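What you see is a predicted model, and the numbers here were worked out from it, not measured in a lab. The sequence lines fix the lettering, A, B, ..., with proteins before strands; numbering per chain opens at 1.
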Protein chains: 2
Amino acid sequence: MTGKQKAIIEAKANVLKALGHPTRLWMAEQLENGEKCVCELAEFIDADFSTISKHLSVLKQAGVVMDEKRGKQVYYKLKVPCILKYMSCVEAVIRAQAEERAVIL
Amino acid sequence: MTGKQKAIIEAKANVLKALGHPTRLWMAEQLENGEKCVCELAEFIDADFSTISKHLSVLKQAGVVMDEKRGKQVYYKLKVPCILKYMSCVEAVIRAQAEERAVIL
DNA sequence: TTGTTATTTGGTCATTTAACCAAGCATTTA
DNA sequence: TAAATGCTTGGTTAAATGACCAAATAACAA
């Protein structure tokens, strides 16, 4: 593998990793219907504000979202909306898993 | 959020997290063209065999791959091949990121 | 049966992650 | 200008992760 190929795979993995946390994935899904300010997201998350802010910064770092300050508030939106189109397949994965476990139990 | 919704988002995040490591993502991509035994994957990965084996078990746990022992070898394959269709979008994300950084630098 | 090959498992350790709290910084409101 | 609001940053800490080594297991070969 060349250095470039390695860098690409690392960047891709980083995007997946950013979405690989329940709170962050939930946030990204909320942004599917348009931008939201931090306070709107925070309303439904049971965690410290600083924790929420840090999760958003992980998503931003990875390139999943972008932010814009307007007045007192900061608005976040998806940068590349297709990122959530994937979820139908991810759901197929977990459905298969669930069925399998059901058989085992 | 109901307990079920929470469980679903956790399971989905778990799949993304499993793919969110360069080595594991690379492995999953290798399996796109059909099953491979551990030794075939290991050939190109500069890590201990035990490390490779553990990465595969993370992918298996998450439901991304399945394994089958045949003779002395264990073969792994994608369980739900669509899991990699996504990558075109992930690539769009990292391309956007790269362009942005290029502008900054 | 003994050895060899292919892979997994258990243990250890350094690093990273994610949570909280406290403090900091803009922006707006009083 | 002072106080309040909305969010981020820095510090701390416990838990999770990922790497390696050594040992275990399983299947085949000698």
Using atom [atom1] of [X] as one end and atom [atom2] of [N] as the other, report the distance to the nearest whole Å.
X: A/Met27; N: C/dA18; atom1: CE; atom2: C1'; answer: 13 Å
X: A/Leu41; N: D/dT8; atom1: CG; atom2: P; answer: 10 Å
X: B/Glu40; N: C/dT7; atom1: CD; atom2: C1'; answer: 14 Å
X: A/Ile52; N: C/dA19; atom1: CD1; atom2: P; answer: 10 Å
X: A/Asn14; N: C/dT17; atom1: CG; atom2: C1'; answer: 13 Å
X: A/Gln61; N: C/dT17; atom1: CD; atom2: P; answer: 12 Å
X: B/Lys60; N: C/dT7; atom1: NZ; atom2: P; answer: 13 Å
X: A/Leu59; N: D/dC7; atom1: CG; atom2: P; answer: 16 Å

**OP:** Looking at every strand, decide which applies to B/Tyr75 at a 4.0 Å heavy-atom threshold: base, sugar-phosphate, or nothing.
**Re:**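 No contact.
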
Original post:
Under a 4.5 Å side-chain heavy-atom rule over Ile, Leu, Val, Met, Phe, Trp and Tyr, are A/Leu78 and A/Val74 clustered together?
Top reply: yes

**OP:** Could you note down all residue pairs passing salt bridge (Lys or Arg N to Asp or Glu O under 4.0 Å) where residues 43-65 of chain B supplies at least one of them, sequence neighbours left out?
**Re:**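 Pairs touching residues 43-65 of chain B that pass the test: B/Lys60-B/Asp67.
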
Any non-hydrogen side-chain atom of [X] less than 4.5 Å from a side-chain atom of [Y]?
X: B/Val64; Y: B/Leu31; value: no
X: B/Met27; Y: B/Ile45; value: yes
X: B/Ile9; Y: A/Thr23; value: no

**OP:** Can you sort out the partners of A/Glu32 under side-chain contact (heavy atoms from CB on, under 4.5 Å), two or more places apart, ordered by chain and number?
**Re:**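 With neighbours one apart ignored, the set is A/Leu84.
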
Heteroatom pairs (N/O) under 3.5 angstrom, protein to nucleotides 13-20 of chain D:
| from | atom 1 | to | atom 2 | distance (Å) |
| --- | --- | --- | --- | --- |
| D/dT17 | OP1 | B/Lys17 | NZ | 2.6 |
| D/dG18 | OP1 | B/Arg24 | NH2 | 3.4 |
| D/dG18 | OP2 | B/Arg24 | NH1 | 3.3 |
| D/dA19 | OP2 | B/His55 | NE2 | 2.5 |
| D/dC20 | OP2 | B/Asp48 | N | 3.0 |
| D/dC20 | OP2 | B/Thr51 | OG1 | 3.0 |
| D/dC20 | N4 | B/Lys54 | NZ | 3.2 |

Subject >> Listed partners of B/Gln73 passing side chain to side chain donor-acceptor pair (under 3.5 Å), at least two apart >> reply: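 B/Gln73 satisfies side chain to side chain donor-acceptor pair (under 3.5 Å) with B/Tyr75 only.
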
Subject >> Sugar-phosphate or base contact per nucleotide [nucleotides 1-6 of chain C; S, B, -; heavy atom under 4.0 Å] >> reply: ----BS

**OP:** Name all pairs fulfilling the ring pair (Phe, Tyr, Trp, His ring centres under 6.0 Å) condition that reach into residues 8-48 of chain B, sequence neighbours left out, sorted by first residue then second.
**Re:**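 Matches after skipping sequence neighbours: B/His21-B/His55.
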
Original post:
Would you say a side-chain N or O of A/Tyr76 is under 4.0 Å from OP1 or OP2 of D/dG6?
Top reply: no

**OP:** With rounding to the nearest 0.5 Å, note down the distance linking CD in B/Gln30 to CG in B/Leu25.
**Re:**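 These two atoms lie 10.0 Å from each other.
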
